[in-house]
Amino acid sequence: MAEKRYSRGASPSSGNSRTKNRTKSAAGDRDYYTYVDGNTVRQLRVAAVPEPEKPVSVSRATRKNRERALQMNLGYVLFLTAAAVVTVFVFVNFLKLQATNTLLQEKVASLSAELDSVVLENDSEYNRVMNGVDLEHIKEVATEELGMQLATSEQVVTYESQGNDYVRQYSEIPEE
């Protein structure tokens, strides 16, 4: 219970207070009011309790219609059963699709990680091989030990490729 004391002239508006008691202070020169707020305040005006209404007499036909409306017939039960079956079927398929989607996402992630590791391994192997090749040594062995000669500009024949990275030779190159 919240109690607040206000001196005369400083009291809150009467709309905020539920009950007030006037008391004299010990000095006798001021009047104090005690205001009680909340659910413990005494109710000064008790609301009148309305008497229960008498039941209105309803005709027999109206009573039958109300009873019939409250009953569930076979068609309504079948409809509700079919709706429940369809709902369960849709939910089960949705859950299956979600599970499949999750598995496929995990598989894609694992394959992507595997691809990244294979590409990294391939690049490192390529760099290792390319660093181990000495082109000057190959040229030296080819010209000195095997007797090969560098191609001259008359020996080089240029062909136009049709979108491929290389040209296949299916027959002898004609002399010009």
Side-chain angles (χ1 to χ4, degrees), residues 1-6 10 12-13 15-18 34-43 47 58 62-176:
M1 176 169 73
E3 250 186 64
K4 301 175 186 171
R5 291 188 161 235
Y6 299 97
S13 65
N16 289 339
S17 63
R18 298 286 183 176
T34 303
Y35 293 92
V36 180
D37 292 328
N39 61 355
T40 60
V41 175
R42 293 183 190 151
Q43 299 293 325
V58 179
T62 305
R63 213 172 26 250
K64 273 188 169 183
N65 284 341
R66 287 181 184 171
E67 288 174 5
R68 193 176 320 133
L70 293 175
Q71 292 177 354
M72 292 195 304
N73 58 14
L74 181 63
Y76 187 63
V77 170
L78 290 177
F79 168 74
L80 288 179
T81 304
V85 167
V86 168
T87 304
V88 168
F89 178 73
V90 167
F91 284 149
V92 167
N93 282 337
F94 177 73
L95 291 176
K96 282 182 182 179
L97 287 175
Q98 261 190 331
T100 303
N101 188 21
T102 303
L103 288 175
L104 289 176
Q105 285 178 346
E106 290 173 358
K107 188 172 184 177
V108 165
S110 68
L111 289 175
S112 178
E114 183 181 347
L115 175 67
D116 290 342
S117 67
V118 168
V119 165
L120 185 63
E121 184 180 328
N122 189 31
D123 289 345
S124 65
E125 189 66 24
Y126 176 78
N127 289 335
R128 187 188 65 79
V129 168
M130 291 309 289
N131 288 336
V133 174
D134 185 16
L135 295 178
E136 289 299 321
H137 176 69
I138 293 173
K139 181 179 175 184
E140 200 173 290
V141 168
T143 54
E144 293 176 8
E145 292 179 16
L146 300 176
M148 298 176 80
Q149 297 177 352
L150 290 173
T152 62
S153 61
E154 296 104 24
Q155 294 174 318
V156 176
V157 179
T158 306
Y159 289 95
E160 296 246 349
S161 176
Q162 297 173 353
N164 294 336
D165 292 342
Y166 55 92
V167 176
R168 290 189 183 189
Q169 179 181 345
Y170 294 109
S171 61
E172 289 295 317
I173 299 174
E175 295 287 330
E176 294 183 36

Check your understanding: Do Leu115 and Leu111 come close enough that some side-chain heavy atom pair is under 4.5 Å?
Key -> no
Point to revise | Where Val58 and Arg63 come nearest, the two heavy atoms and their spacing | key: O-NH1, 3.1 Å
Review point. With a 4.0 Å cut-off, would you call Glu125 and Arg128 a salt bridge?
Key: yes
Review point. Going through the checks in order, is the side chain to side chain contact (heavy atoms under 4.5 Å, CB included) test met by Leu104 and Thr100?
Key: CA-CA 6 Å; Leu104 289 176; Thr100 303; 4.1 Å; yes
Study note, to complete from the structure: To the nearest 0.5 Å, atom CG of Asn101 lies from atom CD of Glu106 at 10.0 Å
Revision key, fill the gap. Sorted by chain and number, sequence neighbours left out, salt bridge (charged side-chain N to carboxylate O under 4.0 Å, His left out) with Arg68 holds for none
Point to revise | Check: Ser112 side chain, Val108 main-chain N or O, donor-acceptor pair, under 3.5 Å | key: no
Check your understanding: Do side-chain atoms of Asn131 reach the backbone of Asn127 as a donor and acceptor pair under 3.5 angstrom?
Key -> yes
Revision key, fill the gap. Separation between CD (Glu140) and CG (Asp134), nearest 0.5 Å, reads 8.5 Å
**Study point:** Any donor-acceptor pair under 3.5 Å from Gln155 side chain to Thr152 backbone
**Key:** yes
**Study point:** side chain to side chain donor-acceptor pair (under 3.5 Å) partners of Glu144, counting only residues at least two apart
**Key:** none
Exercise for review: Calculate, to the nearest 0.5 Å, the distance between atoms OG1 and CG belonging to Thr102 and Leu97 respectively.
Suggested key: 10.5 Å
Check your understanding: Under the side chain to side chain donor-acceptor pair (under 3.5 Å) test, which residues partner Thr62, sequence neighbours left out?
Key -> Ser59
